[in-house]
Q: 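One structure is given below, represented as structure tokens, and several questions about it will come after.
Reckoned from all heavy atoms, side chains included, excluding hydrogens, waters and symmetry mates.
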Amino acid sequence: MVRNVNLILIAICVMLASCDATIHFYPEDEMADRSLTRINVDWSDYGKTLPTGLTVVCHHTETGERVRTIDNNISYVSPYLSAGRHWATMFNLTEDEYNYIMFRGLDAAETAEAYAAEYRGAVWYTSRNGDSYVAAQPEWLAVDTIMTDPVDHLAGGTQVIGTLHPRNIIFTLHLKIHSINIGNLRSARGAITGFANGRKLHSGTPNTKTVTHIINSDSWTRTRTQVQPEIGYVAADIHCFGLPGGHKGLPDENILEFQAMLSDGKKVLKYEIPVGHLINKRTIPEDMRGDNLDLYLDLWLDPPLPPGGNGNWGFDVWVEDWNEQDDVHIPF
């Protein structure tokens, strides 16, 4: 009996030794034709709060071989790469850490793209375009793509092959809507069509697909002018991927639906306003990257809000209230 137990123990030890050898030696065999490299990351062009990690995907310029590196050290990454030059594409965090951004085309640098995830909350607005959808507002996203210096197996040591300079590619639309009788506004919500579905990481340019962004009641602020208190405006900021590729600045390319619940809580005015020609942008770098990616939409309601009460300046309206009102459509 003791002899049998000893034989079993010996067999188990041999198996464990065999497994350990496989785990230990396999990575060395795999790395035999690769060199340890270093790609630095310079965040000086990124004005947001620094992330807690990053992803770098390297593609060999000739073979297309892909090496993906994830690191909590945001100052540099150290991938093992084959000899030659590589496209290095980076973005902060990892694909799974974003709630409102998705990625596709990461098999090649030229096709890598970030795009807006579909909005998962309660959607009161239905997109009018069959190729579009209601999208969530994306988080800040920093990206960069460079061609590295050549990796040389004969160089030895850790080879520094380039520096990435990540910049934000998420736009902010600053929306402001003016009207007289602003005190007659109890709550507001809106939706705007025709924004880019996403952006290509290699070039920083937008794609041609479009999405709709909604602006719920809790996103608006209301302000009265000091000189004429019956005049004021509501404002909201929307994060997006900017205007789509090929945007011509025509009115119907972007439609703003603005819904104004009056102070009596019984009536909602619904405006449909073509605004594609009214969206202005600040000077943007040629590569369409940077932190000051701002779009501006400033307009007056026509017809304006009707005279009414002083309004509820807290804007504390329950979502359910919107389903119990008499709607008045005011198309343009």
Q: For Asp298, enumerate each residue passing the side chain to side chain donor-acceptor pair (under 3.5 Å) test, keeping only those at least two apart in sequence or located in another chain.
A: His178

Q: Quick check: is Leu293 connected to Tyr100 through a chain of hydrophobic side chains (ILVMFWY, heavy atoms under 4.5 Å apart)?
A: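 Per the 4.5 Å side-chain linkage, Tyr100 and Leu293 are not co-clustered.
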
Q: Pairing donors with acceptors under 3.5 angstrom, does anything connect the side chains of Thr94 and Asp96?
A: no

Q: Among the clusters formed by ILVMFWY side chains lying less than 4.5 Å apart, do Ile273 and Tyr296 turn up in the same one?
A: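 Per the 4.5 Å side-chain linkage, Ile273 and Tyr296 are not co-clustered.
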
Q: Spell out, as yes or no, whether a donor-acceptor pair under 3.5 Å connects the side chain of Trp43 to the backbone of Pro51.
A: no

Q: For His247 and Asn254, run side-chain hydrogen bond (donor to acceptor under 3.5 Å, both in side chains): C-alpha distance rounded to whole Å, both residues' side-chain angles, the deciding distance at 0.1 Å, then the answer.
A: CA-CA 10 Å; His247 191 275; Asn254 302 93; 2.7 Å; yes

Q: Can the positive tip of Arg189 be found less than 6.0 Å from the middle of the six-membered ring of Trp124, inside 45° of the ring normal?
A: yes

Q: What verdict does the side chain to side chain contact (heavy atoms under 4.5 Å, CB included) test give for Glu118 and Val134, after you've listed the backbone C-alpha separation in whole Å, the side-chain angles of each residue and the deciding distance to 0.1 Å?
A: CA-CA 6 Å; Glu118 189 170 355; Val134 176; 5.8 Å; no

Q: Supply the members, apart from Trp87, of the Ile/Leu/Val/Met/Phe/Trp/Tyr cluster built from side-chain contacts under 4.5 Å; use none for a lone residue.
A: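 Cluster partners of Trp87: Met147.
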
Q: Taking Asn184 for its side chain and Pro306 for its backbone only, find out whether a donor-acceptor pair lies under 3.5 Å.
A: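 Confirmed, Asn184 side chain pairs with Pro306 backbone.
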
Q: Rest of the hydrophobic cluster containing Trp300 (Ile/Leu/Val/Met/Phe/Trp/Tyr, side-chain heavy atoms under 4.5 Å)?
A: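 Besides Trp300, the hydrophobic cluster comprises Ile180, Ile231, listed by chain and residue number.
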
Q: Can a salt bridge be assigned to the pair Glu139 and Lys48 using a cut-off of 4.0 Å between side-chain N and carboxylate O?
A: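 Looking at Lys48 together with Glu139, the answer is no, because their closest N to O distance does not fall below 4.0 Å.
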
Q: Between Val67 and His86, is the side chain to side chain contact (heavy atoms under 4.5 Å, CB included) condition met? List the steps.
A: CA-CA 10 Å; Val67 175; His86 301 255; over 6 Å; no

Q: Provide the full list of salt bridge (charged side-chain N to carboxylate O under 4.0 Å, His left out) pairs with a residue in residues 78-89, sequence neighbours left out, each pair given once.
A: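 Salt bridge (charged side-chain N to carboxylate O under 4.0 Å, His left out) check on residues 78-89 returns no pairs.
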
Q: Does the side chain of Ser78 reach to within under 4.5 Å of the side chain of Leu36, using non-hydrogen atoms?
A: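 Contact flag for Ser78/Leu36 side chains = yes.
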
Q: Evaluate the criterion side chain to side chain contact (heavy atoms under 4.5 Å, CB included) for residue pair Leu243 and Phe195; output intermediate values, then yes/no.
A: CA-CA 5 Å; Leu243 297 171; Phe195 282 89; 4.0 Å; yes

Q: If you define the side chain from C-beta out and look only at heavy atoms, does anything of Leu305 sit under 4.5 Å from Ile182?
A: yes

Q: Using modelled atom types and a 3.5 Å cut-off, is there a donor and acceptor pairing between side-chain atoms of Thr210 and backbone atoms of Gly194?
A: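 Not at all, since once roles are kept as given, no pair shorter than 3.5 Å links the two residues.
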
Q: Is Val143 reachable from Val77 through a run of hydrophobic residues whose side-chain heavy atoms are each under 4.5 Å from the next?
A: yes

Q: Could you tell me whether the side chain of Asn207 and the main chain of Gly198 form a donor-acceptor pair under 3.5 Å?
A: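 It does hold such a pair.
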
Q: Measure from the side-chain N and O atoms of Thr193 to the backbone N and O of Ile255, and report whether any donor-acceptor pair falls under 3.5 Å.
A: yes

Q: Can a donor-acceptor pair be found between the side chains of Tyr46 and Asn92 at a distance below 3.5 Å?
A: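 The answer is no; no qualifying pair exists.
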
Q: Main chain of Pro303, side chain of Tyr271: is a donor-acceptor contact present, judged purely on distance under 3.5 Å?
A: yes

Q: List in chain and number order the residues that pass side chain to side chain donor-acceptor pair (under 3.5 Å) with Tyr76, two or more places apart in sequence or in another chain; answer none if no residue qualifies.
A: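 With sequence neighbours excluded, Tyr76 shows a side chain to side chain donor-acceptor pair (under 3.5 Å) to no residue whatsoever.
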
Q: Under a 4.0 Å N-O cut-off, is there an ion pair linking Arg104 with Glu113?
A: yes

Q: In chain order, what residues pass the ring-ring contact (aromatic ring centres under 6.0 Å, His included) check against Phe103, with sequence neighbours excluded?
A: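 Once residues adjacent in sequence are excluded, the partners of Phe103 under the ring-ring contact (aromatic ring centres under 6.0 Å, His included) criterion are Phe91, Tyr98.
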
Q: Using the benzene-type ring in the case of Trp, are the ring centres of Phe258 and Trp220 under 6.0 Å apart?
A: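 Centroid separation for Phe258 and Trp220: below 6.0 Å.
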
Q: Verify the distance criterion only: is there a donor paired with an acceptor across the side chains of Gln228 and Thr225 at less than 3.5 Å?
A: no

Q: If hydrophobic clusters are built from ILVMFWY residues whose side chains come within less than 4.5 Å, do Leu301 and Ile215 share one?
A: yes

Q: Pairs in or reaching into residues 52-61: which pass side chain to side chain donor-acceptor pair (under 3.5 Å), with residues at least two apart or in two chains?
A: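 Listed once each, the pairs would be none.
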
Q: List the atom pairs, donor and acceptor, that lie under 3.5 Å between side-chain atoms in residues 154-161 and the rest of the protein, sequence neighbours left out.
A:
{"residue": "Gln159", "atom": "OE1", "partner": "Asp152", "partner atom": "N", "Å": "2.9"}
{"residue": "Gln159", "atom": "NE2", "partner": "Asp152", "partner atom": "O", "Å": "2.5"}

Q: What closest approach, in Å, do Ala135 and His213 show between heavy atoms, and which atom pair accounts for it?
A: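 Heavy atoms only, the tightest pair is O-ND1, 3.3 Å.
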
Q: With sequence neighbours excluded, tell me which residues meet side chain to side chain donor-acceptor pair (under 3.5 Å) with Ser82.
A: Glu65

Q: Testing the basics here: between Ala114 and Ile101, what is the closest heavy-atom pair and its distance to 0.1 Å?
A: CB-CG2, 4.1 Å

Q: Does the pair Asp42 and Asn40 meet the rule for a side chain to side chain contact (heavy atoms under 4.5 Å, CB included), with working shown?
A: CA-CA 7 Å; Asp42 179 1; Asn40 295 320; over 6 Å; no

Q: Where the side chain of Arg222 meets the backbone of Val234, is there a donor-acceptor pair that is under 3.5 Å apart?
A: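 Not a single qualifying donor-acceptor pair exists.
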
Q: Salt bridge check: are Arg66 and Asp107 linked by an N-O gap of less than 4.0 Å?
A: yes

Q: Determine, using ring centers only, whether Trp140 and His239 are less than 6.0 Å apart.
A: yes

Q: Less than 3.5 Å apart, any donor N or O on the side chain of Thr89 or Thr145 sitting next to an acceptor on the other?
A: yes

Q: For Thr63, which residues count as a side chain to side chain donor-acceptor pair (under 3.5 Å) partner, sequence neighbours excluded?
A: none

Q: Check the hydrophobic clustering (I, L, V, M, F, W, Y; side-chain heavy atoms under 4.5 Å; chains of links allowed) and say if Ile39 and Val57 are grouped together.
A: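 No, no single cluster joins them.
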
Q: Quick check: does any side chain N or O of Asn73 sit under 3.5 Å from a backbone N or O of Ser75, one acting as donor and the other as acceptor?
A: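 Judged by distance alone, yes, a pair lies under 3.5 Å.
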
Q: Quick one: salt bridge (charged side-chain N to carboxylate O under 4.0 Å, His left out) pairs with a partner in residues 236-252, sequence neighbours left out?
A: none

Q: Restricting to salt bridge (Lys or Arg N to Asp or Glu O under 4.0 Å), what partner residues turn up for Glu253, sequence neighbours left out?
A: none

